[in-house]
Number of protein chains: 2
Amino acid sequence: MSPLTRSRQDYLKALYALAPAGEAVPTSRLAARLGVSAPSVTNMLGRLAEERLVSHAPRAGARLTPLGRRAALGMVRRHRILETFLVKVLGLDWTEVHDDAEVLEHHISDRALAAIDRLMGHPDEDPHGHLIPDAKGRLARRALTPLAALPRGARATVREIRDADGRRMARWKEVGLVPGAEVRVREVRALDDVFELEVAGRRVVTGSEGLDGVLVQPARVESHGARS
Amino acid sequence: MSPLTRSRQDYLKALYALAPAGEAVPTSRLAARLGVSAPSVTNMLGRLAEERLVSHAPRAGARLTPLGRRAALGMVRRHRILETFLVKVLGLDWTEVHDDAEVLEHHISDRALAAIDRLMGHPDEDPHGHLIPDAKGRLARRALTPLAALPRGARATVREIRDADGRRMARWKEVGLVPGAEVRVREVRALDDVFELEVAGRRVVTGSEGLDGVLVQPARVESHGARS
DNA sequence: GGCGTGCGTTAGCCTCGGCTAAAGCGCTTC
DNA sequence: GAAGCGCTTTAGCCGAGGCTAACGCACGCC
């Protein structure tokens, strides 16, 4: 059993990202995600299967075993703790820290990671609003809605910004679409693909492109005879 | 020119550590230092020579070129900033942070390193008392004396603790031999290899083994008619 | 001045994690 | 049922950075 090299860790992470619930993922999807050729994926899946980290039925894609899933969640934890650290402690911009975290997650020791986590008071969310798995790899579940799926008039609170193009994230940040922000959908013009939002009191007009990277928690419906 | 991989960086660092003034270093010394076979060293020196980072006359050892020296000092800077960070910010023990720094120095981005440096207020010494090269790779010079070389009666201030066996460093820390500590040599029994010291008021008896890892700045001689 | 010895180099091989080219499986379509 | 097509796998290769075994240079010793 070779130790989990950087490359192996990346495969496990990708597999988790593409199929968090454990579905089978086609070779080609992994290849595209990792920026690697399909034969390289087949090859690596073979090794990972030997090590019981994934199961790989020929021509039927790959899925994480419980062991692989634990490893993947460990990487997610490391990544999110590091992103939080880079933003909260080092003062870097949350639209730009992804790449640094991507490298460091493979190399920081458990001891140093624990110290960072302690320093920050064991945060449970990273700067993008993603939940941080606990040390045992448990991740709370929550149901969020893509902002673009909200109907006209809906109110909601922004909860997560999915890692995306840095420039797009910077733009979102600029207009106030950050975790915690309150949003109201003023108008949806589906045919024109135009959303008119009110974010923290300001009017924002945008197309839907990429907007499914903004996940929100809809406010409880303000029913007429508001009972509560 | 391939980018400076981890392995290359380690060779340059080792070369600098073994010959800070730019002397030639024999293949075997490098091999021992890096924990690698001699042929591997010859091989790598060939590559580094092609890249103008070292000069390598066959059978006459290797030395850093100015380019290689700059790269090596860059690594020293990274290492020392990271050690300082691990101790000062994360609260880890300075006898144990070497290995973490050793890994991270190869992987942290310039941007994150700069942020760490800024956070700490641009320290000029690491927790072992080593000077940190500036961003241009300049390193102040200072002349220090091994503690074991002091004569009976001498007073001095501890300035640097060279990276050594973690247990030994822990012991030194325990007895108070840390950068900044004041020491007086109460007795030297050369034949028995015994040093009797007074460190921060406490009496410490030790052999010389490894004690050259403790570097001190001797106090100005307290001459009889103390002038000043 | 010849010879042994030790260090350095050469030769050849390995693993990891990539690659391209080519082959093959299986699904769809006629 | 044959052909075509797309995705996956196999085959064979590469470079980085290791390794061992074997060779060779140079120096010290007699």
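Just so we're on the same page: letters track the sequence lines, and every chain starts at 1.
Looking at heavy-atom distances under 4.0 Å, A:S7 makes contact with sugar-phosphate atoms alone, never a base. Note on B:V36: only backbone sugar-phosphate atoms sit closer than 4.0 angstrom, heavy atoms only; bases stay farther off.
Computed from coordinates, the A:N43 CG to D:dG12 C1' distance equals 12 Å when rounded to whole Å. The CE atom of B:M44 sits 15 Å away from the P atom of D:dG15 (whole-angstrom rounding). Atom-to-atom, CZ of B:R59 to C1' of D:dC25 comes out at 5 Å; the value is rounded to the nearest Å. Whole-Å rounding puts the B:E50 CD to D:dG15 P distance at 13 Å. Regarding B:R8, its CZ atom lies at a distance of 7 Å from the P atom of D:dA16, rounded to whole Å.
Applying a 4.0 Å cut-off to non-hydrogen atoms, none of the residues of residues 22-32 of chain B approaches DNA chain D.
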side-chain hydrogen bond (donor to acceptor under 3.5 Å, both in side chains), that's the test. Do A:E83 and A:H128 meet it? Break it down for me.
CA-CA 9 Å; A:E83 280 204 352; A:H128 300 86; 2.7 Å; yes
Given side-chain hydrogen bond (donor to acceptor under 3.5 Å, both in side chains), test B:D193 with B:S208 step by step and report yes or no.
CA-CA 6 Å; B:D193 187 38; B:S208 70; 2.7 Å; yes
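Side-chain atoms of B:D100 and A:S109 include a donor-acceptor pair closer than 3.5 Å.
Panel note: side chain A:D93, backbone A:T95; a donor-acceptor pair is recorded below 3.5 Å.
For B:R162, the CZ atom sits in a loose shell: 12 or fewer heavy atoms of surrounding residues, nucleotides or ligands are nearer than 6.0 Å.
Between A:F85 and A:P123 the shortest side-chain heavy-atom distance does not fall below 4.5 Å.
Judged as a salt bridge (Lys or Arg N to Asp or Glu O under 4.0 Å), and not counting sequence neighbours, B:D124 has no contacts.
A sub-4.0 Å separation between OP1 or OP2 of D:dT8 and a side-chain N or O of A:H56 is absent. Within the 4.0 Å cut-off from OP1 or OP2 of D:dT9, at least one side-chain nitrogen or oxygen of A:T42 is found.
Aromatic ring centres of B:H106 and A:H107 lie farther apart than the 6.0 Å criterion allows.
Checking B:L45 against A:Y11, the closest nucleotide of DNA chain C that is more toward the 5' end is the one next to B:L45.
Just one of B:D134, B:D110, B:D117 meets the salt bridge (charged side-chain N to carboxylate O under 4.0 Å, His left out) condition when paired with B:R77; it is B:D117.
Nucleotides of DNA chain C with any atom under 4.0 Å from a heavy atom of chain A span, from 5' to 3', C:dC16 to C:dC25.
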